[in-house]
Amino acid sequence: MLDPKLLRESPELVRAAIAKKYLEVDLDAILALDAAWRAQLVEVETLRAKSKAANTEMAKLPKGSPEFIAKVQEMKAVSAEVKAREAGLVEIETKHKAAMLSLPNLPHQSVPEGRTPEQNVTFATWGTCEALSPVAKPHWEIPGFDKIIDFGRGSKVTGAGFPFYIGDGARIVRALLQFFLDEAVTAGYTEVNPPIFVNAASATATGQLPDKEGQMYEAVADGFYAVPTAEVPLTNFFRDEILDEAALPVKRAAYTPCFRREAGSYGKDVRGLNRLHQFDKVELLKWVHPTQSYIELDLLRADAERLLQKLELPYRVLLMCGGDVGFSQAKKYDLEVWAAGQQRWLEVSSCSNFEAFQARRAQIRFRKGDGKPELVHTINGSGLAVPRVLAALLENNLQADGTVKLPAALVPYFGRDALRFG
RNA sequence: GGAGAGGUGGCUGAGUGGUCGAAAGCAGCGCUUUGCUAAAGCGCCGUAGGUGUAACAGCCUACCGGGGGUUCGAAUCCCCCCCUCUCCGCCA
C-alpha cells in the first residue's frame with residue numbers, strides 16, 4: 001500500500017510513477033474518494049465529540065434527576081444520528097481502502113523505462129553459454145528422464161504440473177535444497193521452516209490479495225491459501241510487530257514447496273520442469289532499515305548469484321524495466337540461468353525491494369532512536385527455485401554416456417558425482 | 001471434536017456500566033543528587049487516523065483478541081468467531 005499522505009500531497013508524482021509501470025489506475029477517482037472520506041470523518045467525529053462531552057456531564061448528575069432524564073432524551077437523538085452517519089462513513093471507508101489496496105507500488109528511480117520484457121536491461125552475465133554440452137537436449141527429451149521425474153503418474157494422482165521425483169530425481173532435489181539452505185545460513189540468514197498454508201490477512205499483507213486469489217490454491221473450508229512462495233509466511237512472521245532498530249537487518253531463509261495455479265499461463269514454456277503447479281524453493285528475506293534497502297537488495301542478489309556460480313551454471317541478471325516490475329515491487333532483478341538443451345534462459349530467482357509497500361500493509365515497523373515507529377523495508381529473492389535449476393543442470397551437464405555430471409559443490413550433498421536415469 | 005479457564009499498553013498485571021486511554025510494577029527516556037563498575041529521588045513515557053503547523057505544539061476521534069448487539073453511555077452486559085492454556089477424545 002502507498003502512503004496515503006504522499007498520494008494526497010503529491011498526486012502528480014504518484015501518477016507519473018504508476019505510468020512508468022504501464023498500469024491503468026483511476027487516480028482522480030481515488031483522490032475524490034479520499035476527500036469525501038475525510039469530510040465525512042470530520043462530521044462523524046464532531047458528532048461523537050458532542051455526545052462524549054454530554055456523557056461526561058451526565059456522569060456527574062444524579063441518576064434519576066430531571067436534568068439527567070432530559071439529557072438522556074436529548075442524547076438519544078444525537079446517538080441515532082451518529083449511528084446513521086457512521087454507516088455512511090463505513091461504506092466510503094471500505095471503498096477507499098479497497099482503492100488504496102488496488103494501487104501498485106511505485107518504481108524506484110533507478111528502474112529503466114520500458115513496457116515489455118524485451119526492454120529489460122541485461123545488468124550482468126556470468127559464465128559462457130557456448131560449448132556447454134555437445135549432446136545437450138531439452139531435459140524432457142533425455143532418455144530415461146521420466147524414470148526419475150514422472151509427469152504421467154503425477155498427472156494421474158493429482159493433475160498436470162505435479163510430478164513425482166524418483167530415485168536420483170528425488171535425491172537431487174533434496175541435495176539442491178540442502179545446499180541452498182546451508183549456503184543461506186553461511187551467508188547469515190536464519191533458517192525457518194514456516195507454515196505452508198496462510199490466512200487471508202497474511203496473503204493481503206504481502207500483496208497476493210485482493211485480486212490475485214486466482215493464482216493460489218485455496219482450502220475453502222478453513223479459509224487458508226497454499227503458499228505460492230515462502231515469502232508470504234516469512235514476511236508475515238513480524239506482521240503487526242515493532243522491531244528493534246539495532247536488530248536490523250533481520251535475515252531469514254526458508255524452504256517451502258510453492259503452489260501456483262498459473263491460471264492463464266498455458267503456452268510454450270510449460271514443458272517439463274519449466275513451469276509447475278508445485279515446486280520447491282528456498283526463499284531469502286530481509287527486513288531492513290529504509291536507508292539501507294537498496295544496498296541490501298544488491299547484497300541479497302549477490303547471495304543468490306553465488307549459488308549459481310557454485311553450481312557452475314551460466315546466468316544473466318536482468319534489471320526489470322518499469323513495465324515488467326511487479327505490482328508490489330519498487331525494483332526487481334531476475335536471475336536467469338542458461339539451459340543449453342532448450343537454448344533459452346530460465347528464470348530461477350527474482351530479487352526485489354518492496355520498500356515500505358508490504359510493511360505498510362503488514363504494519364511491520366521498527367522503533368527509531370527518538371522512539372517513533374517507522375515502517376521497515378522488505379526485500380526478498382529466491383535462493384533458489386529447484387526445478388529450473390535442475391533443468392539447467394540436466395541439459396548443460398549431460399554427458400555422452402547419458403549421465404549428468406554434477407558440479408563439485410553438489411557432490412557432497414548428492415553423494416556421487418553423476419546423476420543417472422533409471 | 002467435547003468440557004473448563006483465560007486473552008488489557010514493550011512486558012507483568014489491576015479494573016464487572018459513566019469522572020478509564022485505562023491503577024501499580026518492570027523496562028525505556030530525561031533531570032537532580034551522591035558517586036569507582038551502581039543507587040536514590042523527581043518527571044516523562046501506547047498506537048493509529050483526522051485537524052492543525054514551515055516543522056513542533058495543540059485540538060478531536062478511534063482502539064482493552066476480532067466482529068456484531070444492548071444502552072444516553074461498554075474494557076466492563078449479551079451473541080458469534082479466532083487464539084492460548086488444562087483435561088478428555090483422536091492421531092503422525
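Numbered from 1 within each chain, the chains take letters A, B, ... in sequence-line order.
Regarding contacts with the backbone of C72(B), every side-chain N or O of Lys71(A) stays at 4.0 angstrom or more from both OP1 and OP2. OP1 and OP2 of C60(B) both lie 4.0 Å or more from every side-chain N or O belonging to Arg48(A). Checking the phosphate oxygens (OP1, OP2) of G18(B), no side-chain nitrogen or oxygen of Lys52(A) falls inside 4.0 Å. Using a 4.0 Å cut-off, no side-chain N or O of Arg367(A) falls inside it from OP1 or OP2 of C29(B).
Phe145(A) is listed as a side-chain neighbour of Leu394(A), based on a closest heavy-atom distance under 4.5 Å.
Nearest heavy-atom pair across Leu276(A) and Pro163(A) is CD2-CD, 4.0 Å. Summarising the geometry of Arg367(A) relative to Pro373(A), their closest heavy-atom pair is NH1-CG, 4.1 Å, with the distance given to 0.1 Å.
Between the CZ atom of Arg239(A) and the C1' atom of G66(B) there is a distance of 12 Å, given to the nearest Å. Per the geometry, NZ belonging to Lys60(A) stands 20 Å off P belonging to G17(B), to the nearest Å. Rounded to an integer number of Å, the gap from CD of Glu86(A) to P of G49(B) is 19 Å. The interatomic distance linking Leu47(A) (CG) with G73(B) (P) rounds to 13 Å, in whole Å. Spacing between atom CZ of Arg365(A) and atom C1' of A48(B) amounts to 8 Å, rounded to whole angstrom units. Atom CD of Gln40(A) is separated from atom C1' of C60(B) by 17 Å (rounded to the nearest Å). Atom CD in Glu241(A) sits about 15 Å away from atom C1' in G65(B), given to the nearest Å. The nearest whole Å value for the distance from the CE atom in Met58(A) to the P atom in A74(B) is 11 Å.
Out of G18(B), G50(B), U47(B), the shortest distance to the side chain of Asn55(A) is found at G18(B). Distances from the side chain of Ala49(A) to the nucleotides G50(B), C60(B), U70(B) place C60(B) closest. Each of C72(B), G50(B), A48(B) was ranked by its minimum atom distance to the side chain of Pro373(A); first place goes to A48(B). Nearest nucleotide to the Lys83(A) side chain, out of U47(B), U71(B), G49(B): U71(B). Looking at the side chain of Lys5(A), the nearest of the listed nucleotides C72(B), G50(B), U47(B) is G50(B).
Taking atom P in both A75(B) and G67(B), the straight-line distance is 13 Å, to the nearest Å. The gap from the C1' atom of U53(B) to that of G58(B) amounts to 10 Å, rounded to the nearest Å. Rounded to the nearest Å, the gap between the P atom of C83(B) and that of C91(B) is 22 Å. The separation of C78(B) from U19(B), taken at their C1' atoms, amounts to 26 Å, rounded to a whole angstrom. G46(B) and C11(B): their P atoms are spaced 14 Å apart (whole Å). Separation of the P atoms belonging to C59(B) and U76(B) is 27 Å when rounded to the nearest angstrom. Distance check on atom C1': C63(B) versus C44(B) gives 23 Å, rounded to whole Å. When the P atom is compared between C20(B) and G15(B), the two are found 16 Å apart, to the nearest whole Å.
At a cut-off of 3.5 Å, with distance as the only test, a side-chain donor of Thr116(A) or Gln119(A) sits close to an acceptor on the other residue. In summary, the side chains of Glu183(A) and Tyr189(A) do not present any donor paired with an acceptor at a separation below 3.5 Å, with no hydrogens or angles considered.
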For RNA chain B, the dot-bracket pattern of Watson-Crick and G-U pairs whose distances stay under 3.5 Å, | for other-strand partners: ((((((((.[[[..)..(.....]]].(((((.......))))).((((((......)))))).[[[[[..)....]]]]])))))))....

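For the atom pair Lys405(A) NZ and Glu312(A) CD, the distance stands at 8.0 Å (nearest 0.5 Å).
Residue-to-nucleotide proximity on RNA chain B shows that, of Met75(A) and Phe224(A), the 5′-proximal contact is made by Met75(A). Residue Leu41(A) is the one, among Ala53(A) and Leu41(A), whose nearest nucleotide of RNA chain B lies closer to the 5' end (criterion: closest heavy atom).
For the pair Arg301(A) and Tyr333(A), the distance from NZ or CZ to the six-membered ring centre is under 6.0 Å and the angle to the ring normal is within 45 degrees.
Exactly one residue among His377(A), Glu355(A), Lys331(A) makes a side chain to side chain donor-acceptor pair (under 3.5 Å) with Tyr294(A). That residue is Glu355(A).
When heavy atoms are screened at a 4.0 angstrom cut-off, Ser79(A) is found touching the sugar-phosphate backbone but no base atom.
Around the CZ atom of Arg8(A), the shell of radius 6.0 Å holds more than 12 heavy atoms that belong to other residues, nucleotides or ligands.
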